[in-house]
Amino acid sequence: MRRHPVPASKTSWRFSGTLSCRSVGHAGARDTRPWTIPVALEKILYFHAARADRLLSDVVTEILVPMHEQGLTDLQVTPIQRSLTQWAEAGKTTGHWPQSTIDRITRGLLAALRDFGVLQGIVHKKIAPSFLQVETFAYIMFYLKQHQPSGSKLIELPDWKLFFLTRDGVKRLLFDAHQHELLEYHVAGSVTRLTFPAATLEEYAQRH
C-alpha cells in the first residue's frame with residue numbers, strides 16, 4: 001500500500017470547537033469545555049487516526065516500536081527523515097518526495113504523535129511512557145472484533161503495536177477487562193472465546 005502524506009491540518013490534530021463524544025464512549029455527552037482531551041479519548045482518536053493514515057501507523061510500528069523494544073526513548077529527527085526517504089525511493093509513497101516535503105511531513109508526524117501522547121517534549125522528543133486504560137482497551141477490542149471475529153487472531157493483530165503492546169500485554173489487558181466486566185474472555189486449550197455485553201459499538205458505549 002502506498003503511503004500518502006497527510007495535510008498539516010490533519011496531521012497536527014489541533015482541533016477547535018467542540019467534540020461529540022457519543023461514538024467514542026461518552027454516550028449522549030457533548031464536551032463544551034475549553035479544548036482539552038481526556039487521556040482515554042486521546043488514545044481512541046490516535047487509534048482511529050493511525051488506522052486511517054498508513055504513514056502515521058508505519059512511523060510508530062516500524063521506527064518507534066523497535067526503539068521501545070531496545071529500551072531507547074530519545075528520538076532524533078534524522079531516523080524518521082531517513083525512513084521517509086527510503087520509502088519514497090522504494091516507490092512506497094505517492095510520487096517523488098523532495099527533501100522539503102520530507103522535512104515538512106516529518107514535522108507534522110512528530111507534532112501529531114506528541115499531541116496524541118505517544119511522544120513528549122517540545123524541542124527534544126522522547127517516547128512517552130506507554131499506558132492504555134482498560135476501558136479504552138475494551139473499546140478498541142470491540143471495534144477490532146467487528147472486523148476480526150476470531151478471538152485468538154485479535155490478540156495477534158498489529159494494531160496493538162500502536163500502543164507498544166506485546167501479545168502477553170494484550171492478554172493481561174483482556175483478563176483485566178474481564179474482571180471489570182467489560183467483556184468475557186475465556187481460554188480453554190487452543191480455543192479462545194471473547195464476547196461483549198452489547199451487539200453494536202454504540203450500544204456498548206452507552207453501557208459503559
Side-chain angles (χ1 to χ4, degrees), residues 1 6 9-54 56-57 60-61 65 112-113 115-118 128-208:
M1 180 183 296
V6 178
S9 60
K10 291 185 180 179
T11 309
S12 63
W13 283 89
R14 291 185 177 87
F15 296 93
S16 60
T18 58
L19 174 70
S20 173
C21 300
R22 182 167 187 171
S23 63
V24 288
H26 298 273
R30 192 168 192 82
D31 190 348
T32 56
R33 297 169 297 173
W35 187 248
T36 57
I37 305 179
V39 174
L41 180 55
E42 178 183 76
K43 296 300 184 184
I44 292 172
L45 289 173
Y46 161 60
F47 168 71
H48 287 295
R51 282 181 62 86
D53 180 0
R54 174 68 181 274
L56 183 67
S57 175
V60 176
T61 59
V65 168
L113 292 172
D115 291 347
F116 284 132
V118 179
S130 179
F131 174 74
L132 190 61
Q133 294 177 334
V134 65
E135 294 84 1
T136 307
F137 169 81
Y139 164 88
I140 293 172
M141 182 62 81
F142 190 107
Y143 177 89
L144 292 173
K145 194 174 189 298
Q146 293 181 314
H147 305 277
Q148 172 53 264
S150 170
S152 58
K153 290 182 179 179
L154 275 170
I155 298 174
E156 308 287 349
L157 288 178
D159 300 78
W160 300 116
K161 289 184 178 181
L162 294 170
F163 303 98
F164 304 97
L165 283 173
T166 62
R167 186 175 186 273
D168 288 340
V170 175
K171 284 186 173 182
R172 283 194 295 272
L173 280 169
L174 276 170
F175 283 117
D176 196 8
H178 176 88
Q179 291 177 344
H180 283 78
E181 299 182 348
L182 296 169
L183 51 80
E184 288 195 13
Y185 175 62
H186 303 279
V187 179
S190 60
V191 179
T192 299
R193 186 168 68 88
L194 176 62
T195 59
F196 289 85
T200 66
L201 193 59
E202 183 175 8
E203 180 186 348
Y204 188 61
Q206 290 175 342
R207 293 173 67 98
H208 299 282

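Along the sequence shown, residues are numbered consecutively beginning with 1.
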For the residue pair [X] and [Y], what are the closest heavy atoms and their distance?
X	Y	result
Leu154	Trp160	O-NE1, 2.9 Å
Phe196	Met141	CZ-CG, 3.7 Å
Ser57	Ala50	CB-O, 3.4 Å
Gln133	Ala40	OE1-CB, 3.1 Å
Gly117	Lys43	O-NZ, 4.0 Å
Pro197	Glu203	O-OE2, 4.3 Å

(request) Mind running side chain to side chain contact (heavy atoms under 4.5 Å, CB included) on Leu144 and Phe47 for me, showing each step along the way? (result) CA-CA 11 Å; Leu144 292 173; Phe47 168 71; 3.8 Å; yes

(message) Between His178 and Leu183, does the side chain to side chain contact (heavy atoms under 4.5 Å, CB included) criterion hold? Intermediate values first, please.
(response) CA-CA 5 Å; His178 176 88; Leu183 51 80; 4.2 Å; yes

(message) Test your reading of the model: is there a side-chain donor-acceptor pair from Thr136 to the backbone of Leu132, 3.5 Å cut-off?
(response) no

(request) Kindly indicate, with the supporting measurements, whether the criterion side chain to side chain contact (heavy atoms under 4.5 Å, CB included) is fulfilled by Lys161 and Val60. (result) CA-CA 8 Å; Lys161 289 184 178 181; Val60 176; over 6 Å; no

Let me confirm one number: the [atom1]-[atom2] distance from [X] to [Y], rounded to the nearest 0.5 Å.
X	Y	atom1	atom2	result
Thr192	Leu174	OG1	CG	9.0 Å
Leu173	Leu182	CG	CG	11.0 Å
Leu162	Leu157	CG	CG	11.0 Å

(message) Checking Leu113 against Leu56 for the side chain to side chain contact (heavy atoms under 4.5 Å, CB included) test, could you report, in this order, the C-alpha distance in whole Å, the side-chain angles of both residues, the deciding distance, and whether it holds?
(response) CA-CA 8 Å; Leu113 292 172; Leu56 183 67; 3.7 Å; yes

(request) For this output row, return yes or no: ring centroids of Tyr204 and Tyr139 closer than 6.0 angstrom. (result) no

(request) Return the set of residues passing ring-ring contact (aromatic ring centres under 6.0 Å, His included) with Tyr46 (not counting sequence neighbours), or none when no residue passes. (result) Phe116, Phe163

(request) Keeping to residues at least two apart or across chains, list the side-chain hydrogen bond (donor to acceptor under 3.5 Å, both in side chains) pairs with something in residues 162-173. (result) Glu156-Arg167

(request) If a pair satisfies side-chain hydrogen bond (donor to acceptor under 3.5 Å, both in side chains) and one of its residues is in residues 141-153, list it, with sequence neighbours excluded. (result) Ser150-Ser152

